[in-house]
Amino acid sequence: MSEKKREFYVVNHSVPRGDGVAKVTGQAKYASDVVLPGMAYAKLLRSPYAHARILSIKVGEAEAQPGVFAVLTGDRLEGLNPYYGHAVKDHPVLAMGKVRYVGEPVVAVVAVDERTAFQALDHITVQYEEMPAVLSVEQALAKGAPILHERTFAAGGFRGFEADVSAGRGTNICQEAHVTWGDADKAFAEAAAVVEGEYYYPMAYAYAMEPYVCVAEVNESGVTCYSSCQHPFIVRHDVAGVFNLPVSKVRLVVPFVGGGYGSKSYTKIEPLTAACAWKARRPVKLQLSVEEAVLTTRSDDALVRERTAVDAQGKLLARQATIYLNTGAYAENSPLVCEKAANRAAGPYRIPNARIDCYGVYTNTAPASSFRGFGSAQVTLAAESQIDEIAEKIGQDPLAFRLANVAERGEVFFPKSRPLDGDLKSDLKKVADLLGWDKPLPKGKGRAVGCTASDAGAYPVTSAAVRVHGDGSVSVLTGSTELGQGSHTIVAQIAAEEIGVPFEKVRVVGSDTAITPFDRSTGASRTTTLMGRAVLEACQDAVSQMRAMAADVLRCPVEEVTLMRGGVQRGADRLDWSQVLARYFGLPDGEVLGRAYLRKAGDLSQLPVFWELGCLGVQVSVDEETGRVHLEKLAVVGDVGLAINPALAEGQDLGAATMGMGIGLYEELIYDGEQLVNNSLLDYRVPRFSDLPEELHLALTENQDGVGPYGAKGGGEGSLNPISSALVNALYRATGVRLRRVPLLPERVWRALRDARHGRESCPAPTKQDAKSRREAG
Amino acid sequence: MMPLRRFRIHQPGTIAEAAEMLAHFGESGRLYAGGTELLLAMKHDVLRFEHLVDVKTVPGLAGIEANGGWLRIGGVATHRSIEISPVVRQRLPLFAEMEAKVANGRVRATGTLAGNLCFAEPHSDPATLLLALEARVRVEGRSGPRTLTIQELIPGAYQTSLASDEILTAVEIPLPKNGQRASYLKFQVHERPTLGLALVMETQDRGQAIATARVAVGCVCPFPRRSRQAESLLVGDRPQVERNLSQAAEVLADEADLIDDLEGGADYKRHLISVFLKRAFACAFPGR
């Protein structure tokens, strides 16, 4: 699809985002702004136990409270299919028979306002019988461990992976994935040098500023949900399943979304909100607090045991990794995270032998699911740490070692996959230049680079419609959701470019499954590539129709009509699109509908749709007295094929790097026994502006080598993935102390530095939470 | 964060009326000024009150003035108003600087100094500095006015010695004399500081000798603490005091009842006290 870089009118320009003014003036509407006539509000009673049988639920007193319309429990769902899940149908609308984590919704109260619903929760009595719980991967996999899910599950229609479902087969394994090529055992036996280690990447919360919110209405025309979801069509599928309805009777409307980062992928509170509306016989709004949102979805934390081998020439010979993901109580999208973590564990290198085994494990903790980077960040901490470790072991500079081993453009570095469609080698060099790799550094400072490649784009099914109106203005109907990433701006730029109208004349109609054509999802960095291309093709379809119309009104063969920007010409006759449409329809209005469907075919038949690259460098300073690590310099190169909007592309790169830095330095959800202890923003530390590096370099590589419009590829996740390992490697180069766990909290770094001074090994990744062991020690 | 449970706000016109209301409501009522701690706790459903007595409407409680050797800050003066007060900036700049770094802009705009002290949150910046500055508070209840030191006011985490009908009407800080050297430093990772450390010294001979010293730590312990023994190590010739800093930090840590929590282990906090006592000392003598 790639073409020579031509002159662009609208794309490849940093057009101010179309929704900018509405957002900064507070006019943009989000799902929480939706108010329907007669709407009621729901509040949830959540489980205080990690694993317990529900013996009885007494709700009579709550129902009798003034202002309460309905009380919903797991055994009051007669007539609905109470389980949903796009991958594994293990998730009940409300706890059924037992609870599987502290914070699981058990009862919903619907009342005239939020406060009444909340206060009515006090009048509910639930009797539980506690059961032994498994709170870590280790406990969950132990012999004789209590089992979370006793029954087997059919694979969901949108599971996104090809393997069989592992869940419910008598163990707590939710999903496993295995990737092998070559002969890893033989390679390790013959290696010139090997490094080996255990690494831990923490569980994190994506902290979208807007927590989950849904407004649902159930009536004779079906179910309508206004939701903060990323993937309305997959949610529609799940809701249709719960209510036994055809998808045409389920409507998902997604206004602006206040950030997603994967945490709003797939179905969350929509079935429950719709069930509340169904029970209460009126529209219902359910909006969660941040504390509740953390209990709804977090990221999988990961324990990774990895080893890496090189030959005598310093070439990577083999990698082997065993990955345990803590998936929490329900599968959500973790089976796919499991598969992707396995795919991404070896890294973007030329490695002749590999064996990766990944296990997503159910535990009695909050459910884990998609999170920006999607398993890559979890495994890259180990993978990219070990690149530095092995380079050092054989006396090589870590940058030089990467340049010697990184996959070349066009190389098939992962079996049965699209060849590398980016230029990591030149990206690494660019990063090193921006960082000043060879410049001397004072004591207490260190630099590192890192790179990743993620099999991105998900499954390529996307459609779009473009309406060119009688006055030459354009409406784009897109099922992609505007999460703040700027997708509505991108598709408008493409439409303006292709139809030949000013950007301001394009209106983007956002996700509404009753109106906008199908798009699988807004995730996996796929929107620019796939929706962008669908919009481009739909525009071309419209243009081609309008050219034929022009031929009709000019009474000439189509071949004699040549295209010009914004219209056609034939000899001295020039018609813009509004003139073509006015003459064709005989009215000052009328329209042309262009459409496009993308599927896994043609140049999209080989997966991944594209390799999303991450490539960055960091420089840190370390306050050895307090242990505080500060990121003072960051260089990011986004290898995006072609930036439809360079400012937005760079903003995404910076956002992803900053989010990753948060986990690298500060963020970590902590369980103390059954209890998540820091799900409030008072205790969970997200990055602040003051944490941003003093020196920042953002650069783009635009080789037009993607399958997206004009050779574009996706971005927005890549730079999250290698930053934790880069921080760890930079800390090592600053201090000589290597941590195999993030975040690099000051206390943790201080302990490691102290232990190193006393000649103690402080590297192993602790499997128990620090807070807990501290408490035990105290 | 949950919806606030139903409650009533009452707005007394005088201190006496406020005291009457608080006495009348007893356990079900609470004094309310900025609300930045109180409402947060209520939204997290860890505190429940049916009646809030809003003293912001009581006239004369927001003033800030320097008089007779004391800086007097009224009971409903916000952090922000203290931070930008010309009197505070001129007469006690260290306090203005500390106030400028309390929490965040939204908290400073609404939250009051007196409310901060009365909530006795262990991570309070002002309480630690006020302790080292030997500030006092004026209190009024139905039985009349009293004056308390910071130690007397805050005997424990989230505890004050105020009777349920008593209102903190003013914080009074002795104005520094010539030769006072003081600093307040904090170390912060999360929303609340891990450590706050205040050092206030009266010096002689152009700073070459330290006549008296007061040092306080907060956040690392349930409530801000001073140590007389540590302070005695901080008196004398400056080079000698500088050599004593490590030992003083040890003594201070011993007496502080350090706690293990999400901010760090007690041994880490002990270490931080030592680091920050030295930094605070260096800070108090800039340009060396």
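Values in this document were obtained by computation on a predicted structure and should not be read as measured data. Order of the sequence lines sets the chain letters (A, B, ...), proteins ahead of strands, with each chain counted from 1.
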Name the option with the most non-hydrogen atom pairs under 4.5 Å to chain B; the candidates are A:Glu114, A:Gln119, A:Arg688.
A:Gln119
Any B:Leu234 side-chain heavy atom under 4.5 Å of B:Leu199 side chain
yes
Looking only at the side chains, is there a donor atom on one of B:Ser246 and B:Lys278 sitting less than 3.5 Å from an acceptor on the other?
yes
B:Tyr268 side chain to B:Asp260 main-chain N or O, any donor-acceptor pair under 3.5 Å?
no
A:Leu745, part contacting chain B, at a heavy-atom distance under 4.5 Å:
side chain
Report yes if the side chains of A:Pro202 and A:Ile663 come closer than 4.5 Å at any heavy-atom pair, otherwise no.
yes
For the residue pair A:Arg748 and A:Pro743, establish whether any side-chain heavy-atom pair is separated by less than 4.5 Å.
yes
Portion of B:Arg279 that has a non-hydrogen atom of chain A nearer than 4.5 angstrom:
side chain
Salt-bridge criterion met for B:Arg226 and B:Glu255 (N-O under 4.0 Å)
no
Relative to chain B, which segment of A:Asp122 carries a heavy atom at a distance below 4.5 Å: side chain, backbone, both, or neither?
side chain
I would like to know whether B:Phe7 and B:His51 meet side chain to side chain contact (heavy atoms under 4.5 Å, CB included); could you show each step before the answer?
CA-CA 5 Å; B:Phe7 62 85; B:His51 302 278; over 6 Å; no
Among the options B:Met2, B:Lys269, B:His44, B:Arg5, pick out the one with the most heavy-atom pairs lying under 4.5 Å from chain A.
B:Arg5
Just checking heavy atoms, which of residues 182-192 of chain B are less than 4.5 Å from chain A?
B:Phe187, B:Gln188, B:Val189, B:His190, B:Glu191, B:Arg192
With the side chain counted from C-beta on, respond yes when A:Pro211 and A:Glu291 share a heavy-atom pair under 4.5 Å apart, and no when they do not.
no
Contact class of B:Ile259 relative to chain A, heavy atoms under 4.5 angstrom:
neither
Under 4.5 Å from any heavy atom of chain B - which part of A:Asp691
neither
Taking the side chain as C-beta and beyond, is there a heavy-atom pair between B:Arg89 and B:Ile84 under 4.5 Å?
yes
A:Leu44 and A:Leu288: side chain to side chain contact (heavy atoms under 4.5 Å, CB included), yes or no, with the steps?
CA-CA 9 Å; A:Leu44 307 176; A:Leu288 304 189; 4.1 Å; yes
For A:Ser680, is it the side chain, the backbone, both, or neither that has a heavy atom closer than 4.5 Å to a heavy atom of chain B?
side chain
